[in-house]
Amino acid sequence: MAANSIANITSLKILNAAIVDCNLCPRLREHSTEVARVRRRAYADWEYWGRPVPSFGDPKARVLALGLAPGAHGSNRTGRPFTGDGSGDFLYPVLYEAGFASQPKALSRNDGMQLTGLWISSVARCAPPGNKPTPEELRNCSPWLDRELSLLKNLRVVVCLGRIAFDGLLAHESRIGKLPARATFVFAHGAEYTLPSGLTALASYHPSLQNTNTGKLTRPMFLAIFNRARELAALHSIV
Ligand code: SF4
């Protein structure tokens with residue numbers, strides 16, 4: 001789909017449906033499909049999603065959690081962001097405790113989970129080999145994020161899960177012409193920046209197993225991020 005057609009998409013639901021049909025990145029499409037075909041032994045009974053993963057949440061969200069890309073055997077399997085892998089097992093209990101999620105466990109896209117005040121998305125929508133999309137693949141996927149952000153009318157705060165998501169948000173601000181000096185925005189866990197567009201960027205380490213198993217990101221640290229996001233979103237609503 002051409003970028004100008006994406007700009008004509010008028011709802012998050014239609015946007016999600018278009019994302020699922022995207023084929024712009026041959027390497028990522030092949031990888032996601034192959035992982036879905038071979039499957040992991042523990043999930044031999046699953047019919048993997050294997051397509052671009054649509055975003056999930058509350059269309060009236062004031063807070064966006066922006067991730068990197070689907071996990072090969074997590075959301076590439078279940079079809080919902082952060083659902084069915086270690087990152088999600090760390091994220092959703094925190095979202096539940098912070099009042100954004102209706103339940104702490106995310107098992108499948110039919111598990112009844114509902115989000116309130118939160119939307120979850122990522123800078124790449126297809127599972128990449130080694131969890132590393134190329135710069136070109138991130139560029140390919142960026143029009144989806146641009147359109148999504150324009151459709152999230154109540155959005156105030158973006159929790160950037162990891163450096164690549166943080167850079168992806170800054171790149172979005174550059175594309176819409178609202179980021180004159182990108183060098184002043186430095187990624188660090190807990191860093192907050194008011195962006196020229198009016199959004200607040202709140203940086204966090206990504207809840208990858210690599211970070212959570214080593215204690216680089218602990219549950220109290222992560223909960224503090226989402227409690228702060230809620231606080232910032234409420235502050236914006238008063239102004
Ligand atoms: S990563 Fe994004 S742009 Fe690339 S194929 Fe998937 S949905 Fe399309």
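Remember, predicted model here, so these are calculated numbers, not experimental data. Note that these values count all heavy atoms, side chains included, but never hydrogens, waters or copies made by symmetry.
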Roughly how far, to the nearest 0.5 Å, is the [atom2] atom of [Y] from the [atom1] atom of [X]?
X: Arg228; Y: Leu202; atom1: CZ; atom2: CG; result: 7.5 Å
X: Ile19; Y: Trp144; atom1: CD1; atom2: CH2; result: 6.0 Å
X: Ser208; Y: Leu217; atom1: OG; atom2: CG; result: 8.0 Å
X: Thr218; Y: Asn211; atom1: OG1; atom2: CG; result: 11.0 Å
X: Leu161; Y: Leu91; atom1: CG; atom2: CG; result: 7.0 Å
X: Phe82; Y: Leu95; atom1: CZ; atom2: CG; result: 9.0 Å

Q.
Does Tyr92 form a side-chain contact (heavy atoms from CB on, under 4.5 Å) with Ile120? I'd like the steps, not just the answer.
A. CA-CA 11 Å; Tyr92 280 103; Ile120 305 180; 3.6 Å; yes
Treat each ILVMFWY residue as a node, draw an edge where side-chain heavy atoms are under 4.5 Å apart, and state whether [X] and [Y] are in one component.
X: Trp119; Y: Leu115; answer: yes
X: Leu223; Y: Val157; answer: yes
X: Leu209; Y: Ile164; answer: no
X: Leu170; Y: Leu138; answer: yes
X: Leu151; Y: Val53; answer: no

Assess whether atom [atom1] of [X] is packed by more than 12 heavy atoms of other residues, nucleotides or ligands within 6.0 Å.
X: Phe185; atom1: CZ; result: yes
X: Gln210; atom1: CD; result: no
X: Glu192; atom1: CD; result: yes

Show me the donor-acceptor pairs, under 3.5 Å and distance only, between side chains in residues 5-12 and residues at least two apart or in other chains.
unit_1	atom_1	unit_2	atom_2	d
Asn8	ND2	Asn4	O	3.4
Ser11	OG	Lys13	N	3.4
Ser11	OG	Ile14	N	3.1

Return yes if some donor-acceptor pair links the side-chain N/O of [X] with the main-chain N/O of [Y] below 3.5 Å, else return no.
X: Thr83; Y: Pro81; answer: yes
X: Arg62; Y: Lys60; answer: no
X: Ser87; Y: Pro207; answer: yes
X: Ser75; Y: Thr78; answer: no
X: Ser102; Y: Met113; answer: no
X: Trp49; Y: Pro52; answer: yes
X: Lys153; Y: Ser150; answer: yes
X: Arg125; Y: Pro54; answer: no
X: Asp58; Y: Thr116; answer: no
X: Ser32; Y: Arg29; answer: no

For a quick test of reading the model, state the closest non-hydrogen atom pair linking [X] to [Y] and the distance between them.
X: Ala65; Y: Leu118; result: N-CD1, 4.0 Å
X: Cys141; Y: Ala124; result: SG-CA, 3.8 Å
X: Leu66; Y: Ala165; result: O-CB, 3.2 Å
X: Ala72; Y: Val35; result: O-CG1, 3.5 Å
X: Cys25; Y: Asn140; result: SG-ND2, 3.2 Å

Q.
Assess the residue pair Arg51 and Asp21 against the criterion (side-chain contact (heavy atoms from CB on, under 4.5 Å)); give the C-alpha distance rounded to whole Å, side-chain angles, the decisive distance to 0.1 Å, and a yes or no.
A. CA-CA 8 Å; Arg51 288 176 279 165; Asp21 283 339; 5.6 Å; no
Q. With Ser55, which of Asn16, Leu15, Leu152 fulfils side chain to side chain contact (heavy atoms under 4.5 Å, CB included)?
A. Asn16
Q: Would you check, one step at a time, whether the test salt bridge (Lys or Arg N to Asp or Glu O under 4.0 Å) holds for Asp111 with Arg80?
A: CA-CA 11 Å; Asp111 62 7; Arg80 195 176 68 188; 2.8 Å; yes
Any heavy-atom pair between the side chains of [Y] and [X] that's under 4.5 Å?
X: Tyr193; Y: Leu169; answer: no
X: Val63; Y: Arg156; answer: no
X: Pro196; Y: Pro180; answer: yes
X: Arg27; Y: Pro129; answer: yes
X: Leu155; Y: Leu199; answer: yes
X: Ser142; Y: Arg175; answer: yes
X: Leu149; Y: Leu64; answer: yes

Q: Identify which one of Arg77, His73, Arg37, Arg39 satisfies the side-chain hydrogen bond (donor to acceptor under 3.5 Å, both in side chains) criterion when paired with Tyr48.
A: His73
Q. Does a side chain donor of either Thr33 or Glu30 reach within less than 3.5 Å of an acceptor in the other side chain?
A. no
**Q.** Aromatic contact, Phe222 with Phe226 (centres under 6.0 Å)
**A.** yes
Q. Relative to the ring of Tyr205, is the ring of Phe187 parallel (under 30°), tilted (30 to 60°) or perpendicular (over 60°)?
A. tilted
Q. Is there a side-chain contact (heavy atoms from CB on, under 4.5 Å) between Phe56 and Arg109 once you walk through the steps?
A. CA-CA 10 Å; Phe56 171 58; Arg109 63 185 185 281; over 6 Å; no
**Q.** Cationic tip of Arg219 above Phe90 ring, under 6.0 Å, 45° of axis
**A.** no
(Q) I'd like to know whether Glu136 forms a salt bridge (Lys or Arg N to Asp or Glu O under 4.0 Å) with Arg139, so could you lay out the CA-CA distance, the side-chain angles of the two residues, the decisive distance to 0.1 Å, and finally the verdict. (A) CA-CA 5 Å; Glu136 184 188 359; Arg139 274 196 301 277; 5.7 Å; no
